[in-house]
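Single-structure report; data block below.
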Amino acid sequence: MKKFFKSKVFNFLVFFILALVLLYYAFRSVDFKHIAQGFREVNYLWICASLLLGLGAHATRAIRWGYLMEPLGQKPSFGKLLSAVFVGYIANLALPRFGEVAKCGSVSKVSNLRFDSLVGTVVVERTADVAMLLLSTLIVILIQLDTFGQYIYSKIIQPIHERALQVEGYKLVIILIMIAAFLFLVRFFLRTNILGDKINGKIKGVVNGLVEGLKSIYTTPKLFSFILLSFLMWVLYWAMTWALLKSVPITSGLSPWDAMFIMVIGSYGMTVPVQGGFGAYHIITASALGLFGLEYENGLIFSIVSHESQTIMLIVGGIVALVYLYMVQQKQDKLRSI
(Lines give C-alpha, C1' and ligand atoms only; values in the text may rest on other atoms or scores of the structure.)
Protein backbone atom coordinates (compact mmCIF):
# COMPACT_ATOMS: atom_id res chain seq x y z
CA MET A 1 0.00 0.00 0.00
CA LYS A 2 2.85 2.40 0.81
CA LYS A 3 4.38 1.71 -2.61
CA PHE A 4 1.07 2.60 -4.26
CA PHE A 5 0.85 5.99 -2.53
CA LYS A 6 4.39 6.77 -3.72
CA SER A 7 3.80 5.53 -7.27
CA LYS A 8 3.27 7.56 -10.44
CA VAL A 9 -0.17 5.95 -10.79
CA PHE A 10 -1.28 7.46 -7.48
CA ASN A 11 0.09 10.87 -8.49
CA PHE A 12 -1.72 10.60 -11.82
CA LEU A 13 -5.00 9.78 -10.08
CA VAL A 14 -4.67 12.71 -7.65
CA PHE A 15 -4.03 15.27 -10.38
CA PHE A 16 -6.63 13.65 -12.66
CA ILE A 17 -9.30 13.94 -9.97
CA LEU A 18 -8.28 17.57 -9.38
CA ALA A 19 -8.65 18.24 -13.12
CA LEU A 20 -12.12 16.64 -13.09
CA VAL A 21 -13.15 18.78 -10.12
CA LEU A 22 -12.00 21.94 -11.92
CA LEU A 23 -13.77 20.88 -15.12
CA TYR A 24 -16.98 20.27 -13.14
CA TYR A 25 -16.62 23.68 -11.50
CA ALA A 26 -16.07 25.30 -14.92
CA PHE A 27 -19.07 23.64 -16.62
CA ARG A 28 -21.48 23.01 -13.72
CA SER A 29 -24.12 25.56 -14.77
CA VAL A 30 -23.44 25.81 -18.49
CA ASP A 31 -25.99 25.59 -21.30
CA PHE A 32 -24.29 23.08 -23.61
CA LYS A 33 -26.72 23.81 -26.46
CA HIS A 34 -25.44 27.40 -26.46
CA ILE A 35 -21.83 26.18 -26.53
CA ALA A 36 -22.63 23.72 -29.36
CA GLN A 37 -24.12 26.59 -31.35
CA GLY A 38 -20.94 28.58 -30.76
CA PHE A 39 -18.84 25.74 -32.17
CA ARG A 40 -20.90 25.73 -35.37
CA GLU A 41 -19.95 29.36 -35.93
CA VAL A 42 -16.20 28.91 -35.42
CA ASN A 43 -13.87 29.93 -38.27
CA TYR A 44 -11.58 26.93 -38.71
CA LEU A 45 -9.18 28.77 -41.03
CA TRP A 46 -8.16 30.94 -38.08
CA ILE A 47 -7.76 27.81 -35.96
CA CYS A 48 -5.44 26.33 -38.61
CA ALA A 49 -3.46 29.59 -38.55
CA SER A 50 -3.20 29.36 -34.75
CA LEU A 51 -1.94 25.76 -35.00
CA LEU A 52 0.78 26.82 -37.44
CA LEU A 53 1.80 29.68 -35.14
CA GLY A 54 1.81 27.29 -32.17
CA LEU A 55 3.96 24.82 -34.11
CA GLY A 56 6.33 27.68 -34.92
CA ALA A 57 6.59 28.51 -31.21
CA HIS A 58 7.39 24.88 -30.34
CA ALA A 59 10.01 24.75 -33.11
CA THR A 60 11.55 27.96 -31.76
CA ARG A 61 11.66 26.41 -28.30
CA ALA A 62 13.53 23.39 -29.70
CA ILE A 63 16.11 25.57 -31.49
CA ARG A 64 16.59 27.72 -28.37
CA TRP A 65 17.10 24.63 -26.22
CA GLY A 66 19.75 23.42 -28.64
CA TYR A 67 21.79 26.59 -28.06
CA LEU A 68 22.10 25.62 -24.38
CA MET A 69 23.43 22.20 -25.33
CA GLU A 70 26.32 23.46 -27.45
CA PRO A 71 28.57 24.11 -24.39
CA LEU A 72 27.88 20.50 -23.27
CA GLY A 73 29.84 19.19 -26.25
CA GLN A 74 27.04 18.00 -28.51
CA LYS A 75 23.99 19.54 -30.17
CA PRO A 76 21.35 17.00 -31.27
CA SER A 77 19.56 17.51 -34.58
CA PHE A 78 16.52 19.76 -34.84
CA GLY A 79 14.29 16.71 -35.41
CA LYS A 80 15.41 15.09 -32.16
CA LEU A 81 15.00 18.33 -30.19
CA LEU A 82 11.53 19.09 -31.57
CA SER A 83 10.44 15.51 -30.94
CA ALA A 84 11.67 15.74 -27.34
CA VAL A 85 9.72 18.97 -26.85
CA PHE A 86 6.53 17.25 -28.02
CA VAL A 87 7.24 14.22 -25.83
CA GLY A 88 7.49 16.63 -22.90
CA TYR A 89 4.12 18.17 -23.74
CA ILE A 90 2.35 14.81 -24.09
CA ALA A 91 3.93 13.62 -20.81
CA ASN A 92 2.47 16.68 -19.06
CA LEU A 93 -0.97 15.53 -20.18
CA ALA A 94 -0.40 12.35 -18.18
CA LEU A 95 1.37 13.80 -15.14
CA PRO A 96 1.95 17.51 -14.38
CA ARG A 97 5.60 18.65 -14.46
CA PHE A 98 6.71 15.21 -15.65
CA GLY A 99 7.23 16.64 -19.13
CA GLU A 100 10.57 18.22 -18.23
CA VAL A 101 11.90 14.85 -17.09
CA ALA A 102 10.49 13.09 -20.16
CA LYS A 103 12.01 15.46 -22.70
CA CYS A 104 15.43 15.32 -21.03
CA GLY A 105 15.24 11.53 -21.00
CA SER A 106 14.25 11.51 -24.69
CA VAL A 107 17.30 13.53 -25.75
CA SER A 108 19.61 11.58 -23.46
CA LYS A 109 18.59 8.28 -25.10
CA VAL A 110 19.37 9.45 -28.65
CA SER A 111 22.56 11.41 -27.86
CA ASN A 112 25.66 11.28 -25.70
CA LEU A 113 24.41 14.07 -23.43
CA ARG A 114 23.94 13.31 -19.75
CA PHE A 115 20.44 13.43 -18.30
CA ASP A 116 21.42 15.60 -15.30
CA SER A 117 23.17 18.14 -17.53
CA LEU A 118 20.03 18.37 -19.67
CA VAL A 119 17.96 18.99 -16.54
CA GLY A 120 20.19 21.97 -15.80
CA THR A 121 19.51 23.40 -19.27
CA VAL A 122 15.75 22.97 -18.74
CA VAL A 123 15.99 24.93 -15.48
CA VAL A 124 17.62 27.76 -17.46
CA GLU A 125 14.88 27.46 -20.09
CA ARG A 126 12.09 27.69 -17.54
CA THR A 127 13.76 30.65 -15.86
CA ALA A 128 13.76 32.46 -19.21
CA ASP A 129 10.07 31.59 -19.69
CA VAL A 130 9.18 32.99 -16.27
CA ALA A 131 11.09 36.18 -17.09
CA MET A 132 9.16 36.53 -20.37
CA LEU A 133 5.84 35.89 -18.64
CA LEU A 134 6.61 38.55 -16.02
CA LEU A 135 7.66 40.99 -18.77
CA SER A 136 4.42 40.29 -20.67
CA THR A 137 2.45 40.77 -17.45
CA LEU A 138 4.12 44.15 -16.86
CA ILE A 139 3.39 45.27 -20.43
CA VAL A 140 -0.28 44.27 -20.09
CA ILE A 141 -0.59 46.12 -16.78
CA LEU A 142 0.97 49.28 -18.22
CA ILE A 143 -1.26 49.22 -21.33
CA GLN A 144 -4.50 49.53 -19.36
CA LEU A 145 -3.80 49.97 -15.68
CA ASP A 146 -7.44 50.57 -14.76
CA THR A 147 -8.78 47.36 -16.36
CA PHE A 148 -6.07 44.80 -17.13
CA GLY A 149 -3.88 46.00 -14.27
CA GLN A 150 -6.70 45.92 -11.76
CA TYR A 151 -7.79 42.43 -12.85
CA ILE A 152 -4.27 40.96 -12.68
CA TYR A 153 -3.68 42.61 -9.30
CA SER A 154 -6.93 41.35 -7.77
CA LYS A 155 -6.91 37.85 -9.30
CA ILE A 156 -3.20 36.98 -9.35
CA ILE A 157 -0.84 39.34 -7.52
CA GLN A 158 -2.97 39.97 -4.42
CA PRO A 159 -3.76 36.26 -3.74
CA ILE A 160 -0.06 35.39 -4.10
CA HIS A 161 0.87 38.27 -1.78
CA GLU A 162 -1.71 37.22 0.82
CA ARG A 163 -0.52 33.63 0.71
CA ALA A 164 3.08 34.77 1.10
CA LEU A 165 2.10 36.79 4.19
CA GLN A 166 0.59 33.65 5.72
CA VAL A 167 4.08 32.11 5.81
CA GLU A 168 5.27 33.21 9.23
CA GLY A 169 8.83 34.39 9.74
CA TYR A 170 9.98 31.36 11.71
CA LYS A 171 8.69 29.01 8.99
CA LEU A 172 10.75 30.84 6.39
CA VAL A 173 13.81 30.61 8.63
CA ILE A 174 13.23 26.85 9.07
CA ILE A 175 12.99 26.39 5.29
CA LEU A 176 16.24 28.31 4.73
CA ILE A 177 17.97 26.30 7.47
CA MET A 178 16.80 23.03 5.89
CA ILE A 179 18.12 24.10 2.48
CA ALA A 180 21.45 25.14 4.00
CA ALA A 181 21.68 21.89 5.97
CA PHE A 182 21.00 19.83 2.84
CA LEU A 183 23.72 21.64 0.89
CA PHE A 184 26.12 21.23 3.82
CA LEU A 185 25.40 17.47 4.03
CA VAL A 186 25.97 17.03 0.29
CA ARG A 187 29.28 18.87 0.54
CA PHE A 188 30.26 16.89 3.67
CA PHE A 189 29.53 13.51 2.04
CA LEU A 190 31.45 14.47 -1.09
CA ARG A 191 34.52 15.57 0.88
CA THR A 192 34.65 12.74 3.43
CA ASN A 193 33.79 9.89 1.03
CA ILE A 194 31.74 8.40 3.89
CA LEU A 195 29.25 6.84 1.47
CA GLY A 196 31.89 5.02 -0.55
CA ASP A 197 33.47 5.66 -3.92
CA LYS A 198 30.56 4.30 -5.99
CA ILE A 199 27.74 6.34 -4.38
CA ASN A 200 30.03 9.34 -3.97
CA GLY A 201 30.85 9.21 -7.66
CA LYS A 202 27.16 9.14 -8.59
CA ILE A 203 26.36 12.13 -6.36
CA LYS A 204 29.30 14.06 -7.79
CA GLY A 205 28.17 13.18 -11.30
CA VAL A 206 24.63 14.46 -10.70
CA VAL A 207 25.80 17.67 -9.02
CA ASN A 208 28.42 18.36 -11.68
CA GLY A 209 25.92 17.63 -14.43
CA LEU A 210 23.33 20.03 -13.00
CA VAL A 211 25.94 22.75 -12.53
CA GLU A 212 27.21 22.18 -16.07
CA GLY A 213 23.67 22.55 -17.43
CA LEU A 214 22.99 25.67 -15.38
CA LYS A 215 26.24 27.25 -16.57
CA SER A 216 25.19 26.77 -20.20
CA ILE A 217 23.47 30.18 -20.23
CA TYR A 218 26.84 31.82 -19.54
CA THR A 219 28.98 29.56 -21.70
CA THR A 220 26.80 29.34 -24.80
CA PRO A 221 28.32 31.27 -27.73
CA LYS A 222 24.79 32.20 -28.85
CA LEU A 223 23.46 34.05 -25.82
CA PHE A 224 22.06 36.88 -27.94
CA SER A 225 20.31 34.38 -30.21
CA PHE A 226 18.90 32.62 -27.12
CA ILE A 227 17.41 35.91 -25.88
CA LEU A 228 16.14 36.82 -29.35
CA LEU A 229 14.42 33.44 -29.75
CA SER A 230 12.83 33.83 -26.31
CA PHE A 231 11.17 37.04 -27.51
CA LEU A 232 10.21 35.45 -30.85
CA MET A 233 8.64 32.45 -29.13
CA TRP A 234 6.40 34.61 -26.97
CA VAL A 235 5.48 36.83 -29.93
CA LEU A 236 4.34 33.64 -31.68
CA TYR A 237 2.30 32.67 -28.60
CA TRP A 238 0.77 36.15 -28.70
CA ALA A 239 -0.08 35.87 -32.41
CA MET A 240 -1.48 32.38 -31.82
CA THR A 241 -3.80 33.71 -29.11
CA TRP A 242 -4.99 36.53 -31.38
CA ALA A 243 -5.69 34.03 -34.19
CA LEU A 244 -7.74 31.94 -31.76
CA LEU A 245 -9.70 35.03 -30.71
CA LYS A 246 -10.38 35.76 -34.39
CA SER A 247 -11.67 32.20 -34.89
CA VAL A 248 -14.61 32.72 -32.54
CA PRO A 249 -17.17 35.32 -33.73
CA ILE A 250 -17.90 36.63 -30.21
CA THR A 251 -14.21 37.39 -29.58
CA SER A 252 -13.13 38.27 -33.14
CA GLY A 253 -13.42 42.01 -32.47
CA LEU A 254 -10.85 42.02 -29.67
CA SER A 255 -7.55 43.81 -30.34
CA PRO A 256 -4.00 42.37 -30.35
CA TRP A 257 -3.45 44.01 -26.93
CA ASP A 258 -6.53 42.19 -25.64
CA ALA A 259 -4.96 39.01 -27.04
CA MET A 260 -1.79 39.66 -25.01
CA PHE A 261 -3.92 40.01 -21.87
CA ILE A 262 -5.65 36.67 -22.57
CA MET A 263 -2.27 35.05 -23.33
CA VAL A 264 -0.91 36.19 -19.96
CA ILE A 265 -4.01 35.09 -18.05
CA GLY A 266 -4.06 31.74 -19.84
CA SER A 267 -0.37 31.20 -19.07
CA TYR A 268 -1.05 31.58 -15.35
CA GLY A 269 -3.94 29.14 -15.70
CA MET A 270 -1.61 26.57 -17.26
CA THR A 271 0.68 26.72 -14.20
CA VAL A 272 -1.96 25.00 -12.04
CA PRO A 273 -0.66 21.44 -11.39
CA VAL A 274 -3.30 19.48 -13.31
CA GLN A 275 -2.93 17.47 -16.51
CA GLY A 276 -2.55 19.90 -19.41
CA GLY A 277 -4.22 22.74 -17.50
CA PHE A 278 -7.64 21.09 -17.93
CA GLY A 279 -10.32 22.98 -16.02
CA ALA A 280 -8.00 25.63 -14.59
CA TYR A 281 -7.33 27.20 -18.00
CA HIS A 282 -11.03 27.18 -18.89
CA ILE A 283 -12.09 28.85 -15.66
CA ILE A 284 -9.51 31.63 -15.57
CA THR A 285 -9.75 32.43 -19.31
CA ALA A 286 -13.56 32.44 -19.46
CA SER A 287 -13.67 34.63 -16.35
CA ALA A 288 -11.08 37.06 -17.78
CA LEU A 289 -13.12 37.50 -20.96
CA GLY A 290 -15.87 38.90 -18.75
CA LEU A 291 -13.83 42.14 -18.72
CA PHE A 292 -14.90 42.64 -22.34
CA GLY A 293 -18.59 42.17 -21.58
CA LEU A 294 -18.74 38.50 -22.55
CA GLU A 295 -20.94 36.13 -20.60
CA TYR A 296 -19.18 33.21 -18.92
CA GLU A 297 -20.67 30.67 -21.35
CA ASN A 298 -19.41 32.66 -24.35
CA GLY A 299 -15.99 32.86 -22.71
CA LEU A 300 -16.03 29.07 -22.33
CA ILE A 301 -16.55 28.67 -26.09
CA PHE A 302 -13.26 30.45 -26.69
CA SER A 303 -11.56 28.55 -23.85
CA ILE A 304 -12.59 25.18 -25.26
CA VAL A 305 -11.62 26.09 -28.84
CA SER A 306 -8.27 27.46 -27.67
CA HIS A 307 -7.31 24.72 -25.24
CA GLU A 308 -8.60 21.66 -27.07
CA SER A 309 -7.28 22.64 -30.52
CA GLN A 310 -3.79 23.02 -29.08
CA THR A 311 -4.14 19.85 -27.00
CA ILE A 312 -5.08 17.81 -30.09
CA MET A 313 -2.01 19.18 -31.89
CA LEU A 314 0.21 18.24 -28.93
CA ILE A 315 -1.22 14.71 -28.77
CA VAL A 316 -0.75 14.11 -32.51
CA GLY A 317 2.71 15.70 -32.42
CA GLY A 318 3.62 13.70 -29.32
CA ILE A 319 2.65 10.38 -30.93
CA VAL A 320 4.63 11.20 -34.09
CA ALA A 321 7.58 12.27 -31.93
CA LEU A 322 7.54 9.01 -29.93
CA VAL A 323 7.54 6.95 -33.15
CA TYR A 324 10.37 9.06 -34.63
CA LEU A 325 12.56 8.82 -31.52
CA TYR A 326 11.94 5.07 -31.29
CA MET A 327 13.09 4.65 -34.89
CA VAL A 328 16.18 6.80 -34.26
CA GLN A 329 17.07 4.79 -31.16
CA GLN A 330 16.60 1.48 -32.99
CA LYS A 331 18.86 2.70 -35.81
CA GLN A 332 21.54 3.79 -33.33
CA ASP A 333 21.37 0.45 -31.51
CA LYS A 334 21.93 -1.42 -34.80
CA LEU A 335 24.94 0.76 -35.63
CA ARG A 336 26.48 0.06 -32.19
CA SER A 337 25.98 -3.68 -32.59
CA ILE A 338 27.92 -3.76 -35.90
Side-chain angles (χ1 to χ4, degrees), residues 7-9 11-12 15 51 54-129 202 205-217 220 222 226 229-230 233 236-237 270-271 273-277 310-337:
S7 67
K8 292 179 181 178
V9 175
N11 290 333
F12 170 82
F15 292 119
L51 293 175
L55 182 59
H58 302 323
T60 303
R61 179 179 293 281
I63 296 170
R64 187 188 69 166
W65 190 25
Y67 289 158
L68 295 177
M69 296 181 195
E70 288 186 12
L72 304 181
Q74 183 183 359
K75 181 183 176 183
S77 67
F78 171 73
K80 293 176 183 177
L81 292 174
L82 182 60
S83 297
V85 167
F86 271 100
V87 168
Y89 284 131
I90 201 173
N92 276 334
L93 294 175
L95 194 63
R97 305 296 173 262
F98 183 66
E100 314 306 337
V101 177
K103 77 176 192 177
C104 290
S106 298
V107 172
S108 180
K109 286 182 179 179
V110 294
S111 70
N112 295 321
L113 294 170
R114 292 175 50 181
F115 174 81
D116 35 36
S117 297
L118 291 169
V119 171
T121 62
V122 168
V123 172
V124 173
E125 253 208 313
R126 286 308 176 196
T127 302
D129 288 339
K202 287 185 177 180
V206 172
V207 173
N208 291 336
L210 283 171
V211 171
E212 186 181 25
L214 291 170
K215 286 168 62 179
S216 63
I217 189 62
T220 177
K222 297 180 179 177
F226 177 88
L229 286 181
S230 296
M233 185 172 67
L236 287 169
Y237 285 143
M270 292 299 290
T271 62
V274 292
Q275 283 91 335
Q310 295 298 314
T311 300
I312 290 171
M313 180 183 71
L314 295 180
I315 291 173
V316 173
I319 293 171
V320 173
L322 286 169
V323 173
Y324 172 75
L325 289 174
Y326 173 77
M327 293 172 63
V328 169
Q329 191 173 1
Q330 290 294 106
K331 185 177 180 180
Q332 290 179 346
D333 290 342
K334 286 182 180 180
L335 291 173
R336 291 192 190 101
S337 63

Item to complete: Show your reasoning for whether side chain to side chain contact (heavy atoms under 4.5 Å, CB included) applies to Tyr67 and Thr121.
Response: CA-CA 10 Å; Tyr67 289 158; Thr121 62; over 6 Å; no
Item to complete: Name all residues meeting the side chain to side chain contact (heavy atoms under 4.5 Å, CB included) criterion together with Val101; count only those two or more places apart in sequence or in a different chain, and write none if there are none.
Response: Phe98, Phe115
Practice prompt. Show your reasoning for whether side chain to side chain contact (heavy atoms under 4.5 Å, CB included) applies to Val320 and Phe86.
Written response: CA-CA 9 Å; Val320 173; Phe86 271 100; over 6 Å; no
Response to the item:
Those residues at least two apart in sequence (or on a different chain) that pass side chain to side chain contact (heavy atoms under 4.5 Å, CB included) with Ile319 are Ile90, Ile315
Please report, to 0.1 Å, the donor-acceptor pairs under 3.5 Å made by any side chain of residues 75-84, with sequence neighbours excluded.
from: Ser77; atom 1: OG; to: Lys80; atom 2: N; distance (Å): 3.4
from: Lys80; atom 1: NZ; to: Val110; atom 2: O; distance (Å): 3.3
from: Ser83; atom 1: OG; to: Gly79; atom 2: O; distance (Å): 2.7

Item to complete: Say whether, by atom type as modelled, one donor and one acceptor occur between the side chain of Ser108 and the main chain of Arg114 under 3.5 angstrom.
Response: no
Discussion item. On a heavy-atom basis, which atom in Leu325 and which in Ser106 lie closest, and how many Å separate them?
Written reply: CD1-CB, 3.8 Å
Discussion item. Using every non-hydrogen atom in the two residues, find where Val122 and Cys104 come nearest and quote the distance to one decimal.
Written reply: CG2-SG, 3.4 Å
Response to the item:
Contacts of Tyr237 meeting side-chain hydrogen bond (donor to acceptor under 3.5 Å, both in side chains) (sequence neighbours excluded), chain-then-number -> Arg61
Worksheet entry | Residue pair Thr60 / Leu229: nearest heavy atoms and the distance that separates them | CG2-O, 3.5 Å
Worksheet item: If you look at every heavy atom in Gln332 and Lys109, which pair is closest and at what distance?
Response: OE1-O, 3.8 Å
Fill in: By side-chain hydrogen bond (donor to acceptor under 3.5 Å, both in side chains) - contacts of Ser230 (at least two apart)
Arg64
Worksheet, complete the sentence: Residues passing the side-chain hydrogen bond (donor to acceptor under 3.5 Å, both in side chains) test with Gln310, sequence neighbours excluded, are none
Worksheet item: At what distance, to the nearest 0.5 angstrom, does CG of Leu72 lie from CG of Leu118?
Response: 6.5 Å
Item to complete: Could I get the full list of side chain to side chain contact (heavy atoms under 4.5 Å, CB included) partners for Leu322, not counting sequence neighbours?
Response: Val87
Item to complete: Find the distance between CD1 (Ile63) and NZ (Lys222) and round it off to the nearest 0.5 Å.
Response: 10.0 Å
